[in-house]
Amino acid sequence: MCHSTRASAVPVIPDSEGTDSNPFALDALAVFMFRVLQRDNHPGNLDKSSPNVGYVMLMFYHLYDGKSRKYFEDELVERFGSLVKIPLLKPDRSPLPASLISVLEEGLNLYNLHTKRHGRLESNKGSYVQEWAKWEKKLRDTLSANAEYLNSIQFMARLTAVSCQVPFEFAVQQVLEQLRKIAKGDYTIPSTEKRKLGTVVFAAVDLPVAEIQGILNKLSGMNSKAEAFLEDKPMDNFLRKAHVTLAHKKSHGVSAVASYGLYLHRQVPVELNALLFTDKMAALQAQLGSIEDEKIVSKNEWPHVTIWTGEGVPPKEANTLPQLLSEGKATVVEINPPLTVSGTVEFY
């Protein structure tokens, strides 16, 4: 979705210490269940009127079974390049009451028995229908009996007459502030065991300079405008590197850059179909191909390879060439048929 829409995804997760085998601790699970059982008219029918709320929540909880909190967060940072945490529970909270631990562990054991025998069969079917009905009632009763405790430990509960918590709006502001930093490129990427992205500035398709030089020479021999423009340009001195920018930290955000990590070091075909230039800069218009049927889409509105800029002109100014062309201030030389080179996705 991100590559096809040029959007950037940011994972936003509730904060929790987690365990060695699940990113969410039991107290987080208890709060999630408690909240769901206070809902009315949920679009997905997961509210207090649902007879199997506990089973569904356990099913969600087991989506992450076997993953530690560190593994979970590292995977998200690796995939998206950023991570936003919603404050959930107070760090100085009292331990989970024994009655809550007991009912949750009972549900986890029942879930394991049920799935081992029936797989993903719903809890109102199979060999444990009665056990599920009894446990669902016990869960509701236990959560209700511990309502005061569950309200008191929530970091993002709204202000109520009963308990004076840090207001929900404060947690919202915390999330918004984290999102602003990511959008502005001020986000510091947490290090992961797999790859450290903190020093990465942009993602690009790296192209072989010799092949780009060959294309320019070929174009110069085919078109008089291209020849006249290129003949006095010191390409050997300027064209030391060639690439098509996919996303830049400052322009598109950290997560946009990191999203190309899936394709790191993978080869992608690049079709070059035009040369655009003015007296100050020149670039080859590029169309990116696919990696295993996945279309590679640049976050830049105009994918291109900057081949030359005049003295004092930054390479990023080449982005303005299409606009200059529409204003009659730039020249275009079509490459027909287009020429294709192969490059690799890299971080810089």
Side-chain angles (χ1 to χ4, degrees), residues 1-3 5-19 22-44 46-47 56-57 60-61 63-64 67-93 96 149-160 162-192 196-198 200 247-261 299:
M1 288 171 64
C2 291
H3 282 286
T5 61
R6 293 180 179 169
S8 299
V10 178
V12 181
I13 62 172
D15 201 3
S16 174
E17 297 91 342
T19 69
N22 199 292
F24 299 98
L26 285 183
D27 46 8
L29 176 61
V31 166
F32 296 152
M33 289 176 163
F34 180 65
R35 289 181 179 177
V36 167
L37 286 170
Q38 294 180 84
R39 297 197 300 207
D40 287 305
N41 302 316
H42 182 256
L46 189 61
D47 51 39
V56 174
M57 294 298 292
F60 289 151
Y61 188 70
L63 290 174
Y64 311 101
K67 308 288 191 300
S68 68
R69 182 70 183 194
K70 185 178 187 313
Y71 179 90
F72 179 61
E73 292 189 3
D74 283 358
E75 280 290 302
L76 291 172
V77 171
E78 179 75 11
R79 178 63 61 92
F80 297 102
S82 61
L83 182 62
V84 171
K85 298 180 184 180
I86 307 174
L88 176 67
L89 303 175
K90 290 182 176 181
D92 58 348
R93 63 188 179 278
L96 202 63
Y149 167 81
L150 292 168
N151 278 320
S152 72
I153 66 171
Q154 295 185 55
F155 189 70
M156 58 184 295
R158 290 183 181 275
L159 290 171
T160 66
V162 179
S163 58
C164 186
Q165 316 296 338
V166 176
F168 177 77
E169 288 73 16
F170 174 79
V172 171
Q173 288 304 315
Q174 292 244 317
V175 171
L176 290 176
E177 184 58 35
Q178 292 175 73
L179 288 171
R180 287 190 193 101
K181 286 183 178 180
I182 292 170
K184 290 162 63 177
D186 296 334
Y187 176 79
T188 301
I189 301 176
S191 62
T192 71
K196 292 178 174 59
L197 292 169
V200 172
H248 196 284
K249 179 180 175 181
K250 284 294 183 183
S251 303
H252 308 105
V254 175
S255 57
V257 174
S259 66
Y260 293 96
K299 295 292 191 293

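Fair warning: this is a prediction, and the values are worked out from it, not measured in the lab.
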I need the minimum non-hydrogen distance between [X] and [Y], along with the two atoms involved.
{"X": "Leu29", "Y": "Met57", "answer": "CD1-O, 4.3 Å"}
{"X": "Gln174", "Y": "Pro87", "answer": "OE1-CG, 3.7 Å"}
{"X": "Val257", "Y": "Ala247", "answer": "CG2-O, 3.7 Å"}
{"X": "Arg69", "Y": "Ser16", "answer": "NE-O, 3.2 Å"}
{"X": "Tyr61", "Y": "Ala25", "answer": "OH-C, 4.1 Å"}
{"X": "Ile182", "Y": "Ser82", "answer": "CD1-CB, 3.6 Å"}

Please round to the nearest 0.5 Å and tell me the distance separating atom CD of Gln178 and atom NZ of Lys85.
->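 Result: 9.0 Å between the selected atoms.
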Measuring from Leu150:CG to Leu96:CG, what's the distance to the nearest 0.5 Å?
->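 The distance works out to 7.5 Å.
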CA sep, side-chain torsions, deciding dist, call: Met33, Val36, side chain to side chain contact (heavy atoms under 4.5 Å, CB included) | CA-CA 5 Å; Met33 289 176 163; Val36 167; 5.8 Å; no
State which residues pass side-chain hydrogen bond (donor to acceptor under 3.5 Å, both in side chains) with [X]; sequence neighbours excluded, sorted by chain then number.
{"X": "Asn41", "value": "none"}
{"X": "Lys184", "value": "none"}
{"X": "Arg180", "value": "Glu177"}
{"X": "Glu17", "value": "Arg93"}

Would you say the side-chain atoms of Asp47 pair up with the backbone N or O of His42, donor to acceptor, closer than 3.5 Å?
->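 Pair found, side chain donor or acceptor close to backbone of His42.
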Just by modelled atom types, is the Val31 backbone N or O under 3.5 Å from a matching donor or acceptor in the Gln154 side chain?
->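 A pair under 3.5 Å: no.
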By ring pair (Phe, Tyr, Trp, His ring centres under 6.0 Å) - contacts of Phe72 (at least two apart) =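 Scan of Phe72 (ring pair (Phe, Tyr, Trp, His ring centres under 6.0 Å), adjacent residues dropped) gives Phe24, Tyr64.
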Decide yes or no for Leu46 and Phe60: does some side-chain heavy atom of the first lie under 4.5 Å from some side-chain heavy atom of the second?
->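 Heavy-atom side-chain distance check passes, below 4.5 Å.
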Could I get the full list of side-chain contact (heavy atoms from CB on, under 4.5 Å) partners for Ser68, not counting sequence neighbours?
->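 Residues passing side-chain contact (heavy atoms from CB on, under 4.5 Å) with Ser68: Lys70, Tyr71.
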